Amino acid sequence: MAGYDAAAIEKKWQDTWEANGTFVQPNPGEDGFVDRPKLYVLDMFPYPSGTGLHVGHPEGYTATDIVVRYARMKGFNVLHPIGYDAFGLPAEQYAVEHGVHPRETTAGNIANIERQIKMFGFSYDWSRRIATTDVDYYRWTQWIFLQLFDSWFDPQVRAARPIEELIHDLEAGRIHVDSSGDLVYPTSAERWPAMIVGHRDGTLTFGELSHDQQRAVIDGQRLAYMDDVPVNWCPKLGTVLANEEVTNDGRSDRGDFPVYRRAMRQWMLRITAYADRLLEDIETVNWPEPIKIMQRNWIGRSQGAEVDFAIDGHEGEIIRVYTTRPDTLFGATYMVLAPEHPLVDVITTADRRPAVQAYVQTAAHKSEMERTAEAKVKTGQWTGAYAINPVNDKKIPVWVADYVMMGYGTGAIMAVPAHDTRDLEFAEQFHLPIVQVVEPPEGVDWRGYVGDGIAISSGRFDGLATEEFKAKITEWLEEQGLGKGAVNYKLRDWLFSRQRYWGEPFPIIHCPQCGLVGVPEDQLPLELPEMEDFRPAISDDPDAPPAPPLGKATDWLATTCPTCGGPATRELNAMPQWAGSCWYYLRYLDPGNSQRFCDSDVERYWMAPSDANPSGGVDLYVGGAEHAVLHLLYARFWHKVLFDLGHASTVEPFGKLFNQGMIRSFAYRDQRGVYVGYDDVDLTGDSPRHRETGETLSESVEKMSKSLKNVVNPDTVIAEYGADTFRLYEMFMGPLEVSKPWNIQDVPGVHRFLQRIWRMTVGDDDVALLITDPPGCAEIEVLLHKTIKKVGQDIEAMKFNTAISAMMEFVNAVFKTGRLTRDQAERFVLVGAPFAPHMAEEIWQRLGHDRTLAYESWPAYDESLLVEDTVEWPVQVNGKVRGRITAPAGATDEDVVAVALTNPNVAAAVEGKAIVKTIVVPGRLVSIVVK
RNA sequence: GCCGGAGUGGCGGAAUUGGCAGACGCGCAGGAUUCAAAAUCCUGUCAGGAUCACUCCUGGUGUGGGUUCGAUUCCCACCUCCGGCACCA
């Protein structure tokens, strides 16, 4: 029996492709390169975890594989690489728990995931494979970090520039420094005095600073800098964690250990400098709108004003607040400082001090999560002090409360309980006055009204609409020296260091003489030291000092300063997992380059804009929506820095983004609510039952997870049906972008479809029953042209499910007529090749071809064949279909209506009524309105 | 709470973006083949009703309203589910 043997065919072609280097794509300038249009199609690279691939990965990979196989047949040079994001906490924690070195577990995990990926027959150019843990890779991650370290953001040109240029400008006196170390640009100094608020007291030139001060000013401007910042400290893991690594109840995602809020000196990346450009340029890329919205919200730009309030009895001190509603200043009835605000200690009166100190203490130990988790009940303490409202000189009490965050705005607010929900809750709780200053539209309660309206009780501003008021009062505040317009972002600078072993070491040396010094480029890579004991110091004590594992590599950490030659030590922190994924799409372009992170000519070729991708960058980037914000924002930020410094040719890294939906699956529970695995579920009856007990089970669709016992393993599906069936099924389930349930019962359907193709072209026992001699069947020829057109269009629109159903319809028609010429069979095989490449290659070969079909031209279709002369028109009477007529496609309206009225059913419906109106949609439908 | 997305047969989904609702697949039912089964092939399959029958009628795309000759598609209000953010002043 020589039927369709998926396992044998798939193995054969995967080996053939690999042996022949079928999908190796040369770069410009390399042997075998042909100058043609390019297409860069990228999959979000996987994290090689111990559990291997889940069925969600191949969904996106299959989609891109179809696109690139199609593109090759359409004559594109295709860049389609794959690699592994292999540093990070999960691998390391697994290694710690099992006492194996992370390099070993990572290597094992990569081997396993690569074996799985290769089973699917994806047409990756494997010669470009990378892993972020490769020394040759992370050497360039370190190099990019040094670019960040050696750059600053020049607000005047809104771009990164080399730090030496800043030093030049400072030394030449083109830039001054104020008392807090911030840069001051004399070109704008004429306007400055009016804008100076608070205790700023003029500027200094660089030469007037001490050596240490100069260094502090420069270090404070770098895009990679160190700062004392509040972090999520997990003593049990011995590291700080990103917010997304902390669960809602303030514990570590990995290990479920308590996490504490605490200030620590950390590496930060100045992504906030790029907030406006990240916001503006998102308009230029072809991304799903919801993802763009999420990025905009994450950046969270708001426009408002900073206003200074004097403090009663504290000459020279002011409370600076940020507000987006300066028009409600007259309604401010109290102020709130964040518990960490430096003025709390200064202004608290003696009698209030014990209560305030206790409050600040408790707030300090709560994590941000805990603080927000208790959002329902507002807490706070009065400091005993009063501030003066600058618009009406009223004394208002100053409170401290943890609903105000030190990290946003100025860490202090003016509270307008009448028109702010949070302030209203607080005011009601502590019986503070509530004064209306905005008149809402008719019928809306003013208490808690936060929308726009008309100003009242606001002195000479009464009667102004909100927008106008904001502009007027901001102007007035600036004139009076009381405040100025200001912009704020939710986006924070990026906390970039982890106290862990399994990450890129920072190429930084701490010198007691010279401060922070970058490792010279020619000394890269700075390799991770081999360590027997790579465990972090763990503790139960929230105040335990961080002790990064690299601190134990004593030989490694002791070094000499590249600048002064004196003894120095290496940076002990490691980079977070995000680092490697911020630029991997660039390394794929030129993975073997030992001179640069990638050659610029090569970069310009693959990243160039095109009609379909006007912003340039990767032409199609496919992955899950879980990376909507962080990865995609971080990568955009790095890319912009590389662009500013002349290392990348495009402003954006990813021209087009496509998010695949999540694949979920059915989960079954018995009456006690215990999950039941698929092996124990009997689906043959009306409702799912337990195979042994016979108990009726409840069915629901859930995210795949071990605890729900509903994980589908791709290996077993492929073993049973083959990779082509798997690919086809995932594409046939529904639209790529929506989340869909995996239903094992549907898999045989697409498998049957493949078997029908096999039988139609190869046949059982190698007798192709349906292949006939020319001329074949005219109807089949027309349908084939339709199918070629539809499938091509659908691939370009990423609508794979309907492309497959079109192919199914073709096969069904062939079975019905029983006739197919060899030439038709060949064209159909080419159309199906992107979807089921192994089977297509095998049939192609059996039809007499000795070369791969991967670079055959996509079959052409003849538009004139698709135009039908006569069409069936449905006829509606008063919006209901009453009959169908046949008429020439190009018939005049009058003729079609005349024919329509001859239809007995239509005539009956029109009978005895007056025709008011007739509507003819050419080639589509006739509609008759009667009365 | 705010911001997104989605609700269509027993199930997954389709519908040229205002023009025949349910393509294609699963499941189910019937038939052919077979000693029998599997596999395969063919037919039917939204619900209710009329008819010997070709067919025809009525209802129907989460709910309620609206615009239109005509609404799964557009507008208003609401319900449910999924995803994101969450005291951002």
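Throughout, a chain's letter reflects where its sequence line sits, starting with A, and its residues are numbered from 1. Bear in mind that the values here come from a model prediction, so they are computed numbers and not experimental data.
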Out of B:rC24, B:rG19, B:rG4, which has the shortest distance to the side chain of A:Ile919?
-> B:rG19

Duplex segments of RNA chain B, taken as runs of at least three Watson-Crick or G-U pairs that stay under 3.5 Å = B:1-7 with B:79-85, B:10-12 with B:24-26, B:27-32 with B:40-45, B:46-50 with B:55-59, B:62-66 with B:74-78

5' to 3', nucleotides 51-58 of chain B under a 4.0 Å protein heavy-atom cut-off (B base, S sugar-phosphate only, - none) gives -----SSS

Between B:rG25 and A:Asn812, is there an OP1 or OP2 to side-chain N/O distance shorter than 4.0 Å?
-> yes

When we call it a touch if two heavy atoms are under 4.0 Å apart, what does A:Ile293 touch: a base, just sugar-phosphate, or nothing?
-> sugar-phosphate

Indicate, with a heavy-atom threshold strictly under 4.0 Å, whether A:Thr918 touches base, sugar-phosphate, or nothing.
-> nothing

Within residues 784-803 of chain A, residues whose heavy atoms come under 4.0 Å of RNA chain B = A:Lys799, A:Asn801, A:Thr802

So what does A:Pro748 hit on the nucleic acid, given a heavy-atom distance under 4.0 Å: a base, only sugar-phosphate, or nothing?
-> nothing

Results of side chain to side chain donor-acceptor pair (under 3.5 Å) for A:His341 - residues two or more places apart only = none

Picking from B:rU40, B:rA89, B:rG27, which would you name as closest to the side chain of A:Arg759?
-> B:rU40

Options B:rG12, B:rG13, B:rC87, nucleotide nearest the side-chain atoms of A:Tyr403 = B:rC87

Determine whether A:Val437 and A:His419 make a side-chain contact, defined as any pair of heavy atoms from C-beta on separated by less than 4.5 Å.
-> yes

Residues passing the salt bridge (Lys or Arg N to Asp or Glu O under 4.0 Å) test with A:Glu428, sequence neighbours excluded, are A:Arg447

B:rA39 phosphate, OP1 or OP2, under 4.0 Å from A:Arg752 side-chain N/O = no

Side-chain N,O (A:Lys740) to OP1/OP2 (B:rG12) below 4.0 Å = no

Does A:Tyr408 make a side-chain N or O approach to OP1 or OP2 of B:rA89 shorter than 4.0 Å?
-> yes

For A:Gln876, answer base if it contacts any base atom (sugar-phosphate contacts may also be present), sugar-phosphate if it contacts only those atoms, and nothing otherwise; contact means non-hydrogen atoms under 4.0 Å.
-> base

Consider the side chain of A:Asn297, meaning its heavy atoms from C-beta on, and name the nucleotide among B:rC3, B:rA89, B:rG12 that approaches it most closely.
-> B:rC3

Scan A:Asn488 against the nucleic acid and name what it touches under 4.0 Å (heavy atoms): base, sugar-phosphate only, or nothing.
-> nothing

A:Ile928 and A:Gln876, any side-chain heavy atoms less than 4.5 Å apart | no

With sequence neighbours excluded, residues passing salt bridge (Lys or Arg N to Asp or Glu O under 4.0 Å) with A:Glu894 = none

